[in-house]
Amino acid sequence: MGNHEQSQSTEIIYTARIIRTANPARPTAEAIAIRDGKVLSVGTLEECKRWGITNVDTQFADKVLTAGFVEAHAHSMTGMFSSIPYVGWFGRHMPDGSWVEGIRSNEELIARLQTLASSTPAGESIVVAGFDPIYLTGERLCRYHLDKASNDHSIFVFHASGHLATVNSFTLSKYNITRDHTSPGLGRDEHGEPDGELREPAAMALAKEEFRFVTAVATSAESFQDFGYAMRNAGITTSTDLGNMFHLNENTRNTLSQITENPDFPIRLVSASRVMGGVEKAQEIVQHIHDARTREHSKLFFPIVKLVLDGSIQGFTAVIQWPGYFTGDDHALFLVPPEQVVDLLRPIHRAHIGIHCHCNGNTTSEVFIDAIEQLISEHSWLDHRHTITHAQLITTSQMKRARNLGMLANFFVNHVWFWGDQHRDITVGPDRAQHLNPCGSADRIGLNYSVHTDAPVTPPGHLHTMWAAMQRRTPSGDVLGPSERISVDRAFHATTIDAAYQLHLDHLIGSLEVGKFADMTVLDDDPYDVDPDMVKDINIWGTILGGIPQQKASAQ
Amino acid sequence: MGESVSSIATYVIAGFLGAGKTTLINEILRDSDEPIAVVVNDFGSINIDASLIATQTDDVIELTNGCICCSVGESLADALYAILDRENQPSAIVIEASGVADPASVSAYTHLHGLHNAGTIVLVDAVHARAQHDNARVHRTFCQQVRSADLVALTKTDLTMQPERDEIAQLVQEISPDTPLIGSTPEVLSQVVLSPRLSPPTSAQHDSFHTTVIAATTYPDESALREELSRLPQHTVRAKGVVALDNGEKRLVQQVGHHLAITPTTSEVTGIVVIYTD
């Protein structure tokens with residue numbers, strides 16, 4: 001801890017194989033001089049030394065330093081996987097640095113659960129999360145599979161979609177869930193018996209203790225701390241927790257400020273409250289942000305809020321324009337009445353607070369763009385940087401309107417890899433799948449954007465988003481929309497300075513320029529120099545935050 | 001079913017923004033002579049008379065008449081479990097669905113242990129219903145809401161003429177032919193929801209309500225009771241009451257439109273009050 005204070009006031013020069021600044025006016029450098037945690041000079045070693053600094057640290061001489069990656073759309077529940085075992089299809093790094101292999105079949109899941117059961121006292125609950133059956137072939141998971149793992153524990157498998165949980169027979173008995181139960185969210189077998197599937201939170205909540213455990217862990221202080229570690233491990237120096245509810249009570253507000261202030265918390269945090277409820281609530285949030293801003297410090301910021309307008313494309317709950325979904329039933333779901341959006345956002349826009357609005361579908365992007373046009377004509381805050389986040393199906397004409405209105409986009413470009421094949425074949429069909437998260441079109445139109453992981457929905461880390469935006473590959477071997485691919489330089493800016501810009505923080509972070517925080521990502525190789533397909537595989541050493549090295553956790 | 005544990009009747013009130021949900025909830029809180037818990041999205045819009053507020057925290061307002069008003073906060077499940085964890089249990093819970101919610105996804109929560117589904121009432125704004133129905137963006141939501149209703153209540157009928165009301169009634173009937181529909185003021189509606197009384201709700205300009213009573217006879221068993229209730233007038237809007245069974249157990253009967261809930265209770269036998277229209 002003391003080390004942090006000491007280093008803050010220390011002057012130091014780091015040298016590197018190459019430094020990528022994300023400042024087009026001086027894109028590369030060989031050394032960086034740091035004073036008080038900020039960039040003093042970035043250029044040649046000679047230039048840096050002219051400030052009279054003799055303390056030259058060469059530990060990164062063989063590494064590549066880049067402007068620290070900035071994540072404008074992730075969630076602090078990413079940290080929950082240190083308390084709740086991860087059982088997703090793709091292998092993933094945990095907050096402690098350990099690697100967990102992906103689960104590729106029901107049998108593998110059962111084996112993992114058996115191991116957990118052997119170390120859990122009988123009668124206690126085993127809760128796991130991240131299960132993603134969209135990739136699995138074979139039988140759908142039900143209680144009979146889970147019963148093979150244990151009949152002495154309650155087992156609760158929380159799916160990656162967040163819409164489903166599967167429980168074992170022990171859990172069903174524990175809550176007296178029998179064939180007579182009336183809940184419409186119960187999955188049933190061909191005999192009408194509950195099969196262990198609990199659909200939507202209303203049914204998941206029937207398993208009261210296990211469900212509450214998941215929600216409590218997701219919002220706990222420990223998970224929050226682990227969120228910081230998980231992001232640091234992935235090379236992120238500033239992350240947004242987009243759409244949290246920390247404003248709801250005084251305790252959580254204090255927790256937020258205490259955790260982030262601790263030198264052990266390894267990232268800068270952008271905390272964005274979720275706008276929910278009616279117009280009065282929106283006004284309360286404005287008040288809360290005014291209060292919260294008095295507690296801002298160099299690692300905690302409240303520049304924006306989040307509004308969610310619809311669901312997801314793969315859940316068929318995004319609200320999309322004609323011709324609608326390619327296959328499957330349209331379950332389009334507005335989360336806020338479209339006619340209320342302007343009223344809800346008015347107090348926020350007037351208070352000069354940035355708005356990031358979740359719009360997966362193009363009907364909802366249109367609703368948001370309409371609302372911003374109205375608000376700007378009422379109140380001319382021109383530097384608003386209001387951002388359409390996800391914007392997965394945004395049309396070219398919507399992008400032009402957004403550009404004209406000074407709006408920005410934050411594309412969920414990882415979808416092209418994680419669900420691209422499904423979007424092409426199932427959800428939106430070949431035409432629109434080609435232009436899902438249209439980075440290339442946005443560049444041609446002149447709409448500025450960032451890209452994001454939405455962690456924990458996809459794993460944190462921007463080397464993967466850069467790669468997804470550059471290559472647009474899908475697991476089946478397709479290149480989805482070659483014309484939407486972007487260059488490594490564009491992808492690098494989208495994950496650094498352009499993300500900082502939409503958070504209203506580009507004067508402090510996002511590039512290595514004199515006066516900004518000395519935040520860097522430390523890589524073994526240069527994304528500009530490796531085979532584009534290898535960008536996602538570059539090893540991350542860790543980060544440098546305010547001049548202080550933060551080596552990623554390693555489980556070994 | 002079968003276990004003699006009483007559970008709390010839980011209603012869902014849905015409808016578009018401006019359809020009158022808040023007005024109705026205010027009315028319910030003010031009128032109720034039983035302790036009711038309402039769960040709302042936004043405290044601010046409820047506008048409870050300050051003189052009625054006994055205590056207030058971030059999540060719960062307690063009223064002097066024993067009612068409580070809870071904010072949904074992080075999740076509806078948490079809000080409902082918090083009510084179930086309270087020392088003084090309410091006699092009923094009313095959940096306000098958001099203006100765009102699918103009422104079915106909200107009423108799914110009424111199956112949590114300790115609650116039972118007492119029906120969904122969807123308010124339809126007689127002035128704006130046609131425009132909402134014709135608006136491509138919200139057409140699906142409008143139809144979904146009407147289809148999920150056990151009872152549709154046409155509101156703001158005092159601001160419309162009879163031909164318009166008939167047109168909206170027809171629109172609703174086309175979407176959901178079997179759902180009973182009433183035109184009603186918040187005062188009447190609150191009475192209908194809360195505790196149907198023997199004196200028919202007064203309704204100067206709209207439907208004429210009738211009431212009848214099924215006397216407090218003792219039924220051989222639950223199926224005999226169901227048999228009796230299946231003979232209720234076709235346009236039953238609401239039925240509520242407590243009856244006894246031969247085995248000494250008692251049952252609370254609650255019907256909203258066609259939605260019937262029969263649940264074990266320990267309350268006094270009252271007979272069943274039925275409200276219906278022509």
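Only a predicted model underlies this, so the values are computations on that prediction, with no experimental measurement involved. Letters A, B, ... mirror the listed sequences (proteins, then strands); counts begin at 1.
No salt bridge links A:D310 with B:R137; every basic N to acidic carboxylate O contact stays at or beyond 4.0 Å.
Between the CZ atom of B:R140 and the CG atom of A:D330 there is a distance of 4.5 Å, given to the nearest 0.5 Å. In this structure, A:H331 NE2 and B:Q144 CD are separated by 9.5 Å, a value rounded to the nearest 0.5 Å. Rounded to the nearest 0.5 Å, atoms OG (B:S98) and CZ (A:F334) are 12.0 Å apart. Rounded to the nearest 0.5 angstrom, B:L115 CG and A:T182 OG1 are separated by 10.0 Å.
Within the 4.5 Å cutoff, the side chain of A:P337 has no heavy atoms near those of the B:V138 side chain.
When each of B:D85, B:V40, B:L76 is checked for heavy-atom pairs under 4.5 Å with chain A, B:D85 comes out on top. The residue among A:Q340, A:E366, A:M204 with the most heavy atom pairs within less than 4.5 Å of chain B is A:Q340. Contact tally against chain A (heavy-atom pairs below 4.5 Å) for B:D78, B:V100, B:V72: the top residue is B:V100.
Closest approach of A:P184 to B:H111, counting heavy atoms only: CD-CD2, 3.3 Å. Across every non-hydrogen atom of A:A205 and B:A77, the tightest pair is CB-CB, 3.6 Å.
Put simply, the side chain of A:Y175 never gets that close to the backbone of B:H113: no donor and acceptor are under 3.5 Å apart.
At a 4.5 Å heavy-atom cutoff, the contact between A:V367 and chain B is made by backbone and side-chain atoms alike. Heavy atoms of A:R199 lying under 4.5 Å from chain B are absent altogether. Neither the backbone nor the side chain of A:I177 comes within contact range of chain B, judged by heavy atoms closer than 4.5 Å. Residue contact with chain B, scored on non-hydrogen atoms closer than 4.5 Å, involves the side chain of A:T219 exclusively.
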